[in-house]
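This report refers to the structure that appears directly beneath it.
First the proteins, then the strands, lettered A, B, ... as listed; each starts at 1.
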Amino acid sequence: DGGITQSPKYLFRKEGQNVTLSCEQNLNHDAMYWYRQDPGQGLRLIYYSQIVNDFQKGDIAEGYSVSREKKESFPLTVTSAQKNPTAFYLCASSIGGTVSLSQGYTFGSGTRLTVV
Amino acid sequence: DQQVKQNSPSLSVQEGRISILNCDYTNSMFDYFLWYKKYPAEGPTFLISISSIKDKNEDGRFTVFLNKSAKHLSLHIVPSQPGDSAVYFCAASDGATNKLIFGTGTLLAVQP
């Protein structure tokens, strides 16, 4: 079955540490996205990538970094510069970088990051 | 600046009744609108969408209405079922950037 896999489901980080969240898709989608969900704030775009080896900052990119070395993979690193990293992180993908009316984005099941 | 707004954080309805979830937007250049459903600790799943050239789209129990002059869309669920209890996100697509902009979500609780 095609889909998006995010791992781990739960992640704990100490203050000052960098952590990397994994996102892998086997849908052959060109574009991938990272969103952050906080209570009362909906989904906010962190980074997105339309094609391999290219990515752009979203609305809240500070303190985060990404890479897109393979079409299937779009890992997100939460650096120590991110002031408030505790949140639910969602990865998504779409066909050809455009929004499909028939399905929009396909989302993974998310990673809950907690700073301890 | 919130381009997509869902002003009701929560909604409670009785099973079998109609649920109406509302969404307002500010950018007249949005060309597609989508609704997603999300359960706790899971990713959102696509529910229904509408193009800006239409004013209504129906899929089973779910209907989305678009009022472009008012920059308002709504999702109607009839009849509501307990399994519909979830957070519903409205999203809009800017054709120039191909990005989805999400509202803050509305938590729907359907009481048996």
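Checked by atom type and distance alone, the side chain of K99(B) never pairs as donor or acceptor with a backbone atom of L45(A) at under 3.5 Å.
For chain A, no part of P9(B) is nearby; none of its heavy atoms comes within less than 4.5 Å. For Q56(A), no part lies under 4.5 angstrom from a heavy atom of chain B. Interface remark: Y39(B) contributes no atoms to any contact with chain A (heavy atom separation under 4.5 Å).
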Just do the side-chain contact (heavy atoms from CB on, under 4.5 Å) check on F107(A) and Y36(B) with the steps written out, would you? CA-CA 10 Å; F107(A) 281 88; Y36(B) 282 83; 3.8 Å; yes
Passes side-chain contact (heavy atoms from CB on, under 4.5 Å), L90(A) versus E42(B)? Steps please. CA-CA 9 Å; L90(A) 286 160; E42(B) 292 184 13; over 6 Å; no
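At most 12 heavy atoms of other shown residues, nucleotides or ligands fall within 6.0 angstrom of atom NZ in K14(A).
Connection of F88(A) to L43(A) is established within a shared hydrophobic cluster, with ILVMFWY side chains joined at heavy-atom distances below 4.5 Å, either directly or through further cluster members. Follow the hydrophobic side-chain contacts under 4.5 Å out from L100(B) and you never reach V66(A); the two are in separate clusters. A continuous path of hydrophobic side-chain contacts links Y35(A) to Y48(A) [ILVMFWY only; heavy atoms under 4.5 Å]. A single hydrophobic cluster is not seen to contain both V52(A) and F74(A); linkage of ILVMFWY side chains at heavy-atom distances under 4.5 Å, directly or through other members, places them apart. Under a hydrophobic clustering in which Ile, Leu, Val, Met, Phe, Trp and Tyr are joined whenever their side-chain heavy atoms come within less than 4.5 Å, directly or via other members, Y47(A) and I60(A) fall into the same cluster.
Of residues 102-112 of chain B, those residues with a non-hydrogen atom less than 4.5 Å from any non-hydrogen atom of chain A are, in numerical order, F102(B), G103(B), T104(B).
Every side-chain contact (heavy atoms from CB on, under 4.5 Å) that P79(B) has, sequence neighbours left out, goes to R61(B).
The candidate from S109(A), A92(A), G58(A), G108(A) with the greatest count of non-hydrogen atom pairs under 4.5 Å with chain B is S109(A).
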